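Structure record follows, encoded as structure tokens.
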Amino acid sequence: MDRNFMIKSIYKLLRETGCYNIDFYEPQDAQFQARNEIRTIKDIYRITFTNSNHKIINLYLVFNEKDFLYKADNKNTKSLELNVVSKEQQEIEELINLYTSKDSNMGLTNMKLSLQSSPIRFIDSLDQKEINIYVEILKYENLFAQSSTLSDYMYFNNFVNFYEEFLPIFL
């Protein structure tokens, strides 16, 4: 994953679509309270901008470079995963095509701590008067189609899908 390219692409799109007050912050770890414990999300990139409707948007980006395929709904709390560390790129693409074309979970395992678990509690800890969106950029396409509406506050997918399908909604 080329984080610099992705960040520059986001900045360019924001500028081209008339967004203003664009600020990018250095990645930081976020700590918050969740069920009697402190949780940490590492290396969150915060991007703040005002869109063409004069709404302040805070994007919290996390880059997930793990060699896993994920099936995670951005409207629910259940996540499944498949380890693809030892697989060739062609085999990974075949698996993505298989799982995205059929409603099957065979071979996938439940995650102990879902992708959605910490972001939900993190977003709840922020200023509710602003539009706060948690985005996890996955190494591979999510096996579950993500909802892309103005009311969504989480998104889990690869950069191309985020950039082309989700981000434009908030510009």
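All figures in this text were calculated on a predicted structure; none of them were measured in a lab.
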Inter-residue atom distance [X].[atom1] - [Y].[atom2], 0.5 Å rounding:
X	Y	atom1	atom2	value
E88	E93	CD	CD	11.5 Å
I41	D43	CD1	CG	11.5 Å
K112	T109	NZ	OG1	10.0 Å
K8	D2	NZ	CG	8.0 Å
I133	N74	CD1	CG	11.0 Å
I57	T50	CD1	OG1	8.5 Å

So [Y] and [X], do their side chains get closer than 4.5 Å, heavy atoms only?
X	Y	value
F32	S118	yes
K78	D73	no
F162	M6	no
R39	S117	yes
I56	I131	no
Y140	N158	no
I92	L69	yes

Flag, side chain of [X] to backbone of [Y], donor-acceptor distance under 3.5 Å:
X	Y	value
T40	Q31	no
Q146	F144	yes
E81	A72	no
N157	N161	no

Check: Between F122 and Y134, how do the two ring planes meet: parallel, tilted or perpendicular, split at 30° and 60°?
Finding: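 Perpendicular: the ring planes of F122 and Y134 meet at over 60°.
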Margin query: Please verify the inter-ring angle class for F5 with F159; under 30° counts as parallel, over 60° as perpendicular, anything in between as tilted.
Written below: perpendicular
Transitive ILVMFWY side-chain link [X] to [Y], under 4.5 Å:
X	Y	value
M1	Y11	yes
L171	F166	yes
I169	I47	yes
Y45	L126	no
L82	F156	no

Checklist line | P119 to M154 - nearest heavy-atom pair and separation | finding: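 Nearest heavy atoms, P119 then M154: CB-SD, 3.8 Å.
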List the atom pairs, with distances to 0.1 Å, where a side-chain N or O of residues 59-66 and a protein N or O form a donor-acceptor pair under 3.5 Å, not counting sequence neighbours.
residue : atom : partner : partner atom : Å
N64     : OD1  : K66     : N            : 3.0
N64     : ND2  : Y70     : OH           : 3.3
N64     : ND2  : E136    : OE2          : 2.9
E65     : OE2  : R3      : NE           : 3.2
E65     : OE2  : R3      : NH2          : 2.8

Check: Is a salt bridge present between K75 and D152, judged by a nitrogen-to-oxygen distance below 4.0 Å?
Finding: yes
Checklist line | salt_bridge(K139, D67) N-O dist < 4.0 Å | finding: yes
Notebook entry, point to check: Does any donor atom in the side chain of K71 or N142 lie under 3.5 Å from an acceptor atom in the other side chain?
Noted result: no
Next item on the list: May I ask you to check whether N58 and E130 show a side-chain donor-acceptor distance below 3.5 Å?
Entry: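 Per modelled atom types, N58 and E130 side chains form a pair under 3.5 Å.
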Would you list the atom pairs, donor with acceptor, under 3.5 Å between side chains in residues 14-28 and any protein atom, with sequence neighbours excluded?
residue : atom : partner : partner atom : Å
T17     : OG1  : L13     : O            : 2.8
T17     : OG1  : L14     : O            : 3.2
Y20     : OH   : H54     : ND1          : 2.6

Checklist line | Q89 atom CD: more than 12 heavy-atom contacts under 6.0 Å | finding: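 Result for CD/Q89: enclosed.
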Notebook entry, point to check: Should the heavy atoms of other residues, nucleotides or ligands under 6.0 Å from CG of D127 be counted, would the total exceed 12?
Noted result: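 Counting other residues, nucleotides and ligands, CG of D127 exceeds 12 neighbours.
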Item checked: Full working for side-chain hydrogen bond (donor to acceptor under 3.5 Å, both in side chains) between Q116 and S79 -> CA-CA 8 Å; Q116 306 91 327; S79 293; 2.5 Å; yes
Next item on the list: Kindly indicate, with the supporting measurements, whether the criterion side chain to side chain contact (heavy atoms under 4.5 Å, CB included) is fulfilled by Y155 and S147.
Entry: CA-CA 8 Å; Y155 190 81; S147 170; over 6 Å; no
Check: Can L150 and F170 be said to form a side chain to side chain contact (heavy atoms under 4.5 Å, CB included), step by step?
Finding: CA-CA 7 Å; L150 283 172; F170 297 94; 4.0 Å; yes
